Amino acid sequence: MPAKYIFVTGGVVSSLGKGLAAASIGCLLESRSLKVNLMKFDPYLNVDPGTMSPFQHGEVFVTDDGAETDLDLGHYERFTHAKLSRDNNWTTGRLYEQIIAKERRGDYLGKTVQVIPHVTNEIKAAMKKVAQDVDVAIVEIGGTVGDIESLPFMEAIRQMRQELGREHTLFVHVTLVPFIAAAQELKTKPTQHSVKELLSIGIQPDILLCRTDRFLAKEIKSKIALFCNVGEEAVITAKDVASVYEVPLVFAHEGVDTLVLKYLHIEAKDRDLSKWEDIVHRVYNPKDTVTIGIVGKYVEYEDSYKSLKEALVHGALAHNLKLQINWIEAEGLEAGDATCEAQLEDYDGILVPGGFGKRGIEGMLIAIRYAREKKVPYFGICLGMQTACIEFARNVVGLEEANSSEFDPATPHRVIYKLRELRGVEELGGTMRLGAWTCKIEPDTLAHRIYGKLEISERHRHRYEFNREYEEPMTAAGLRISGSTPDGTYVEMVELPDHPHFIGCQFHPEFKSKPLEPHPLFSTFVGAAYEHGQKRREAKKSVAVEMFHRPDRVRV
Ligand code: GLN
């Protein structure tokens with residue numbers, strides 16, 4: 001059976017959660033034993049988001065095959081079992097790069113190369129590629145209807161309907177139904193305008209996912225149905241929820257999957273969402289809270305660490321805990337005085353995530369020193385592993401000027417230096433060590449206890465590496481290298497055996513964590529942090545009791 005297609009577009013404003021909507025539809029279809037794949041088209045001209053600032057674009061999500069992609073692919077992987085690769089995320093820039101290469105080769109045999117049909121054909125070919133061997137391919141079109149940049153994609157999906165017919169294609173439009181406080185009313189006009197805009201490019205939506213803060217009453221649904229020319233049953237309340245993992249349940253409650261199956265003429269098994277119900281139950285019924293301090297440079301913009309945040313949530317859910325993240329601006333710690341200690345004191349665990357550039361590094365080193373000396377559970381990811389090595393080299397081995405050549409090219413102790421395979425490469429786009437690489441774990445290490453195996457595969461995105469010339473003095477002083485590439489070239493994991501939980505990894509485990517399969521590095525870190533927090537609270541309590549019983553206690 002050829003695959004059916006669901007096209008997800010968005011209207012009115014951006015950030016309505018199209019990616020989450022697409023992922024949740026995928027999740028619902030999988031809950032009915034269907035096989036899905038998901039893809040996203042991003043209409044901007046960058047070849048990929050790899051060179052874009054995390055402030056502008058949010059996190060760059062890395063797939064196993066080393067593609068630097070949009071963060072929505074993270075939602076797709078967390079909500080479904082789809083195996084994503086560079087085929088699942090296309091930007092206008094990459095499409096044009098490919099088309100222009102073909103033109104230069106002479107592949108178009110002298111024809112004039114045009115948006116229709118050449119660009120639209122490439123878009124359709126990309127869709128058909130991900131639709132192989134699945135029941136349903138869900139295609140998200142980035143941007144908002146009406147954007148000039150998204151027109152070729154809209155035209156391509158219009159043509160898909162024309163080619164394949166109604167039974168094989170479905171248009172889902174995510175729109176906004178705002179509640180206007182002054183009028184005490186929900187407003188349908190933005191949705192009407194958005195659908196009008198879609199109609200003007202020849203697309204009649206089949207299902208409207210109306211983003212709103214409250215359930216839509218029947219009258220509102222009827223009004224939207226009438227003006228937008230869809231069935232009343234197809235006007236769905238996409239209500240705001242406190243946890244993204246509740247979205248599939250909200251959609252199920254609204255019957256989205258039943259509707260999709262009906263419109264696409266798919267026969268499927270009954271829905272089984274029990275595992276997701278369990279996750280959502282845990283989200284709303286935690287036994288306690290765990291507080292993690294994340295020390296980084298892009299912290300004011302949460303989207304820059306999307307997968308990291310979710311992976312920590314998964315780790316906390318594994319222990320039935322509510323996660324409290326405190327984002328700490330690394331630069332703010334650079335004074336290194338008592339105010340910094342005070343800032344770090346309240347965390348059960350400290351994490352330094354990935355990052356690029358010099359800003360905030362000294363503050364990260366102060367946080368790491370604090371975690372190491374005070375035995376606070378520490379987890380360093382990529383940059384967080386590199387800075388942990390620098391801190392150890394400076395403050396334990398005594399190499400005061402130790403640094404990474406990324407931050408100080410003239411340092412006498414390049415504990416971290418540019419990847420040997422990248423020497424002489426100055427271009428920024430796609431020139432890192434990217435994607436899945438195998439790592440061998442040393443037996444009887446924390447890493448071994450965490451993974452329970454000696455060979456793992458994790459995703460990378462870095463340009464610098466641990467300098468093995470410093471291995472001898474560092475390990476002699478107590479650092480343990482617990483993971484390396486199988487040929488021994490690259491150091492992948494380090495840890496401190498005389499610390500309750502101090503671990504760093506050169507890769508990004510957050511990309512592989514899912515709510516139903518929390519990544520062990522996150523669940524063990526959160527577990528250790530919680531234990532540390534408990535002990536800290538107990539200790540504080542006993543100090544308070546002691547104070548109370550002291551005869552010389554000053555009474556006021
Ligand atoms: N900037 C460091 C490097 O390029 C770390 C990268 C990261 O944390 N993703 O190696």
Side-chain angles (χ1 to χ4, degrees), residues 48-55 57-64 66-69 71 74 294-299 301 303-309 311 327 330-331 350-365 367-368 378-391 393 402-409 411 414-437 439 458-468 470 483-485 489-494 503-513 521:
D48 61 42
T51 54
M52 285 158 89
S53 154
F55 293 116
H57 182 270
E59 162 187 283
V60 174
F61 185 80
V62 181
T63 53
D64 266 347
E68 297 176 273
T69 72
L71 57 77
I294 301 185
V295 185
K297 156 176 147 184
Y298 309 112
V299 290
Y301 185 47
D303 263 5
S304 32
Y305 292 118
K306 194 91 188 154
S307 297
L308 173 69
K309 194 187 132 212
W327 303 93
E331 268 183 312
I350 292 177
L351 189 150
V352 174
F356 296 84
K358 194 171 175 228
R359 187 159 72 77
I361 296 298
E362 295 301 319
M364 293 170 201
L365 296 178
I368 296 167
Y378 174 76
F379 186 13
I381 297 177
C382 203
L383 177 68
M385 179 197 102
Q386 298 176 352
T387 41
C389 294
I390 297 169
E391 192 280 322
N403 216 330
S404 161
S405 55
E406 179 180 8
F407 319 130
D408 178 10
T411 174
R414 299 184 306 163
V415 178
I416 306 293
Y417 63 2
K418 188 133 175 208
L419 281 161
R420 283 157 283 173
E421 64 186 39
L422 288 181
R423 304 277 160 89
V425 178
E426 295 306 329
E427 248 178 59
L428 290 184
T431 57
M432 282 188 259
R433 181 165 175 250
L434 290 164
W437 294 90
C439 163
E458 293 282 3
R459 298 180 191 169
H460 297 67
R461 183 171 187 252
H462 65 122
R463 211 172 259 123
Y464 293 80
E465 57 159 315
F466 179 84
N467 180 353
R468 289 251 190 210
Y470 288 89
S484 304
T485 43
T489 307
Y490 298 122
V491 169
E492 295 278 24
M493 297 187 84
V494 299
I503 194 156
C505 54
Q506 188 57 80
F507 45 79
H508 290 270
E510 68 270 30
F511 294 140
K512 286 178 63 166
S513 187
L521 275 170

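Quantities reported herein were computed from a predicted structural model and do not represent experimental measurements. Order of listing sets the numbers, starting from 1, for every ligand and every atom in it.
Counting only distance, with no hydrogens or angles, the side chain of Glu458 and the backbone of Ala436 share no donor-acceptor pair below 3.5 Å.
Put simply, the side chain of Leu521 reaches to within 4.5 Å of the side chain of Phe507, judged on heavy atoms.
Partners of Arg433 according to the salt bridge (charged side-chain N to carboxylate O under 4.0 Å, His left out) rule, which considers only residues two or more places apart in sequence or in another chain, are Glu492.
Near ligand 1, heavy-atom contacts under 4.0 Å come from Gly354, Gly355, Phe356, Cys382, Leu383, Gln386, Glu406, Arg461, His462, Arg463, Tyr464, His508.
With rounding to the nearest 0.5 angstrom, the CD atom of Glu510 is 9.0 Å from the CZ atom of Phe61.
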Quick one: do Asn467 and Val415 satisfy side chain to side chain contact (heavy atoms under 4.5 Å, CB included)? Show the steps, please.
CA-CA 5 Å; Asn467 180 353; Val415 178; 5.6 Å; no
Working note: Glu465 + Arg420, criterion salt bridge (Lys or Arg N to Asp or Glu O under 4.0 Å); need CA distance, chi angles, decisive distance, verdict.
CA-CA 8 Å; Glu465 57 159 315; Arg420 283 157 283 173; 2.8 Å; yes
